[in-house]
Colleague: 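First the structure, then my questions, so here it is.
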Number of protein chains: 2
Amino acid sequence: MSPAPARTSRDAILEAARELLEEEGLDAVTMAAVASRVGVRAPSLYKHIRDRAELVSGVIATAAAELTAALEHALATASAEPAPRVRAIASAYRAFAHGRPRTAALLFADLGPELPIPQAELARSAAPVLEVAAALAGEGRALPAARALTAFVHGFTSMETAGAFRLGGGVDEAFATGVEALIAGLGPAVSSHPGDPQFARPS
Amino acid sequence: MSPAPARTSRDAILEAARELLEEEGLDAVTMAAVASRVGVRAPSLYKHIRDRAELVSGVIATAAAELTAALEHALATASAEPAPRVRAIASAYRAFAHGRPRTAALLFADLGPELPIPQAELARSAAPVLEVAAALAGEGRALPAARALTAFVHGFTSMETAGAFRLGGGVDEAFATGVEALIAGLGPAVSSHPGDPQFARPS
DNA sequence: ACCTGAACACCGTTCAAGT
DNA sequence: ACCTGAACACCGTTCAAGT
């Protein structure tokens, strides 16, 4: 009996936006298209979200939270040695990216001055990566090792989504090659080569 | 005395679009803003380019050609051993990305169904990477090694542009860590670990 | 308290009319 | 042969009016 009960919700709106993003790309995520999916008109969306930038940003933040859960789950079911844990987290990220390719590609994208990436959520996703990186490379080198791992996995899956691997050959093999090379090269057993520009630099 | 000599050109239009992209982001690359930069009205642009998608695509293709030249130049002035050549090409890509961060981020981006990445130009950029990858990992493993290197360097610079590295610490150090790990891990001297899912698979 | 149609500024694109 | 204003469909956003 209140004047007008909500006919939709912020969560429903974010979910509709995510579906449109995956099905047709970011340009298809218009206010009218999202509104239509949730059964209202475009102006009604502004009772639940500030503007389109906040809508897209919310989709990315939600995805980052889901990614964090997926990475943590992968680690919870992995063995205790560093190398299998790195493989587990890399595979979990790639599986996540395959399930939501366009959303995943936006996780670290520069979408213009009006759309900063959601720092807080991504920082939480970084935690499990830092954990395996510390186990692999040692606490003192955890941060650069985590950054290298994240850069490779994000770069690889982005390129995969963009359709960049067209020279034939096995894409799975290329992913494994990169992951194994990083495991071998970041691990403390394989030391730096002569003339290596790396220095001990605690975070 | 011809009816109407061209007051602008496709090259000038692409250059104006590139400047706008770098200065204000992709959303600022409107037909009116580009036209204003080259001194005409928006409808005139359609005498030189098909539509906005082809305009953005042309900016990316031009950048890919410049990237190819930068990578080839870096290799031409690098020493003959594989490791310094990998460092040279990785540094050259990163320097290119620093000079044109937003353009570089689009090189492997999924910009929607209407905007495919320019395959031909990017294939030429891949050639020098394949060359150093073959020198490092051997001809038989050149393709996956090149993909791993490209994924890392592209992923790292994209994250850098997006402002993803906010946990402190040295970003240069993280880049060097990844490059050196890949050199060590992809090189034939450091063999695969036990249980490694890599197989000999010629391209 | 939320939803809506109408309105506004803006955007990509087309086209007839100019030169 | 290229450039232009006018026009169209579309988009994000605001707001007064409904319930």
Side-chain angles (χ1 to χ4, degrees), chain A residues 1-61 102 106 109 111-116, chain B residues 1-61 102 106 109 111-116:
Chain A
M1 205 155 289
S2 56
R7 239 166 281 175
T8 186
S9 68
R10 180 180 158 89
D11 279 358
I13 290 165
L14 289 179
E15 170 64 11
R18 188 188 68 76
E19 291 169 12
L20 275 164
L21 170 62
E22 288 301 341
E23 289 167 18
E24 303 177 56
L26 187 55
D27 286 351
V29 184
T30 66
M31 301 303 274
V34 171
S36 173
R37 284 229 172 188
V38 300
V40 298
R41 305 284 183 167
S44 302
L45 299 181
Y46 293 86
K47 290 288 164 180
H48 304 272
I49 51 143
R50 182 151 40 87
D51 53 22
R52 185 177 177 275
E54 203 250 335
L55 172 62
V56 174
S57 183
V59 171
I60 298 171
R102 284 177 162 143
L106 295 187
L111 267 63
E114 310 303 317
L115 222 158
Chain B
M1 199 129 325
S2 57
R7 239 164 281 174
T8 186
S9 68
R10 179 180 160 90
D11 279 359
I13 290 166
L14 289 179
E15 170 64 11
R18 188 188 68 77
E19 291 170 12
L20 276 164
L21 169 62
E22 288 301 339
E23 289 167 19
E24 303 177 57
L26 188 55
D27 287 351
V29 183
T30 66
M31 301 303 273
V34 171
S36 173
R37 285 231 172 187
V38 300
V40 298
R41 306 285 183 168
S44 302
L45 299 180
Y46 294 85
K47 289 289 164 180
H48 304 272
I49 51 145
R50 181 150 40 89
D51 53 22
R52 185 177 179 274
E54 202 250 334
L55 172 61
V56 175
S57 184
V59 170
I60 298 171
R102 284 177 163 145
L106 296 187
L111 267 62
E114 308 304 316
L115 221 157

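Numbered from 1 within each chain, the chains take letters A, B, ... in sequence-line order.
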Colleague: Flag the pair E54(B) and R10(B) as a salt bridge only when some basic side-chain nitrogen lies within less than 4.0 angstrom of an acidic carboxylate oxygen.
Modeller: yes
Colleague: Rounded at 0.5 Å granularity, tell me how far CD in E15(B) sits from CG in L20(B).
Modeller: 10.0 Å
Colleague: Could you give the CD-to-P distance, from E54(B) to dT13(C), as a whole number of Å?
Modeller: 11 Å
Colleague: Find the distance between CG (L115(A)) and CG (D27(B)) and round it off to the nearest 0.5 Å.
Modeller: 8.5 Å
Colleague: With a 4.0 Å limit, can you tell me whether R52(B) has a side-chain N or O closer than that to the phosphate oxygens OP1/OP2 of dG12(C)?
Modeller: yes
Colleague: Tell me which nucleotide, if any, is Watson-Crick or G-U wobble paired with dT13(D) when both distances must be under 3.5 Å.
Modeller: dA7(C)
Colleague: Just the rounded figure in Å: distance from P of dC2(C) to CZ of R10(A).
Modeller: 14 Å
Colleague: For the pair made of CG in L55(A) and P in dT13(D), what is the distance, rounded to whole Å?
Modeller: 10 Å
Colleague: Would you indicate which nucleotide in dC3(D), dT13(D), dT13(C) comes nearest to any side-chain atom of M31(B)?
Modeller: dT13(C)
Colleague: Distance check: side-chain N/O of S44(B) vs OP1/OP2 of dC2(D), anything under 4.0 Å?
Modeller: no
Colleague: Send over the distance from D27(B) CG to dC10(C) P, rounded to a whole Å.
Modeller: 15 Å
Colleague: Identify the residue among I13(A), L14(A), L21(A), I49(A) that makes a side chain to side chain contact (heavy atoms under 4.5 Å, CB included) with V34(A).
Modeller: I13(A)
Colleague: Return the value, rounded to whole Å, for the distance between atom CZ of R41(B) and atom P of dC11(C).
Modeller: 14 Å
Colleague: Return the value, rounded to whole Å, for the distance between atom OH of Y46(A) and atom C1' of dC3(C).
Modeller: 14 Å
Colleague: Can you measure R50(A) atom CZ to dG12(D) atom P for me and round it to whole angstrom units?
Modeller: 16 Å
Colleague: In the strands shown, is dT19(D) matched to any nucleotide by a Watson-Crick or G-U wobble pair with both distances under 3.5 Å, and which?
Modeller: dA1(C)
Colleague: Starting at atom CD1 of I49(B), determine the distance to atom P of dC3(D), rounded to an integer number of angstrom.
Modeller: 12 Å
Colleague: Let me know, please, whether A42(B) or T30(A) comes out on the 5' side of the other along DNA chain D by nearest nucleotide.
Modeller: A42(B)
Colleague: For residues 36-44 of chain B, run the donor-acceptor check on the side chains, cut-off 3.5 Å, and write out each pair with its distance to 0.1 Å, sequence neighbours left out.
Modeller:
residue	atom	partner	partner atom	Å
R37(B)	NH1	E19(B)	OE1	2.8
R37(B)	NH2	E23(B)	OE1	2.6

Colleague: To the side chain of P43(A), which of dG12(D), dG5(C), dT13(C) is closest?
Modeller: dG5(C)
